[in-house]
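Keep in mind that what you see is a predicted model, and the values were worked out from it rather than measured.
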Amino acid sequence: MPTPASFESTGAADEIELGAFNAAFYELGLRWCWDENTYRSLRTVATPRQRVQTYLESEQAHLLRAYDVDFLTDAILGAHERCKRTLAGGGARDAARFNWAETRWGEVGV
């Protein structure tokens with residue numbers, strides 16, 4: 001399997017991709033945050049669709065008891081594309097670097 005390029009060598013494109021995935025998760029109410037290592041390891045999987053499905057099957061398998069894998073994948077990839085257009089089109093390099101892991105989740109009743 002090929003080793004994915006480091007963030008340093010691919011730069012803004014990887015930052016935007018990773019930021020768009022994390023923004024998509026947030027938009028969908030999913031409490032996930034891919035760090036650079038997770039993203040790099042998933043880049044060894046052939047396509048974005050397969051990457052998301054691999055992650056769902058390996059790290060979020062409990063969701064697949066309630067939701068169809070294709071439904072979740074389509075929702076994530078749709079949100080990812082919207083977020084990526086926003087990040088790439090607006091020159092929002094700082095937004096791509098936003099630390100989604102530090103996002104505070106507001107919960108009803110807490």
(message) I'd like to know if the side chain of Gln50 reaches the main chain of Thr47, judged simply by a donor and an acceptor atom lying under 3.5 Å from each other, with no hydrogens or angles considered.
(response) yes
(message) Is any side-chain heavy atom of Leu87 closer than 4.5 Å to one of Glu17?
(response) no
(request) Supply the atom-to-atom distance Arg51 CZ to Thr44 OG1, rounded to the nearest 0.5 angstrom. (result) 8.5 Å
(request) Enter the distance from Asn22:CG to His80:NE2 here, rounded to the nearest 0.5 Å. (result) 9.5 Å
(message) Please report the interatomic distance CG(Leu63) to CG(Asp68), rounded to the nearest 0.5 Å.
(response) 12.0 Å
(message) Run Val45 and Tyr55 through side chain to side chain contact (heavy atoms under 4.5 Å, CB included) and show every step you take.
(response) CA-CA 10 Å; Val45 179; Tyr55 180 77; over 6 Å; no
(request) Determine the interplanar angle of the Trp34 and Phe25 rings, folded into 0 to 90°, and report it as parallel if under 30°, tilted if 30 to 60°, perpendicular if over 60°. (result) perpendicular
(message) Minimum heavy-atom separation for Cys83 and Ala23, please, with both atom names.
(response) SG-CB, 3.7 Å
(request) Calculate, to the nearest 0.5 Å, the distance between atoms CZ and CD1 belonging to Arg85 and Ile16 respectively. (result) 13.5 Å
(request) Find the distance between CD (Gln60) and CG (Leu30) and round it off to the nearest 0.5 Å. (result) 8.0 Å
(request) Decide side chain to side chain contact (heavy atoms under 4.5 Å, CB included) for Asp70 and Gln53; before the verdict, give the C-alpha distance in whole Å, the side-chain angles of both, and the deciding distance to 0.1 Å. (result) CA-CA 8 Å; Asp70 289 323; Gln53 289 178 343; 3.1 Å; yes
(request) Please find out if less than 6.0 Å separates the ring center of Trp32 from that of Tyr26. (result) no
(request) Check the pair Ile76, Phe71 against side chain to side chain contact (heavy atoms under 4.5 Å, CB included), reporting the backbone distance first and the verdict last. (result) CA-CA 9 Å; Ile76 291 166; Phe71 169 79; over 6 Å; no
(message) Within this structure, what is the CZ-OG1 distance for the pair Arg49 and Thr73, rounded to the nearest 0.5 Å?
(response) 5.5 Å
(message) I'd like to know if Glu27 and Arg82 make a salt bridge, using a cut-off of under 4.0 Å between side-chain N and carboxylate O.
(response) yes
(message) Taking Asp35 first and then Arg40, would you say they form a salt bridge - that is, a charged N and a carboxylate O separated by under 4.0 Å?
(response) no
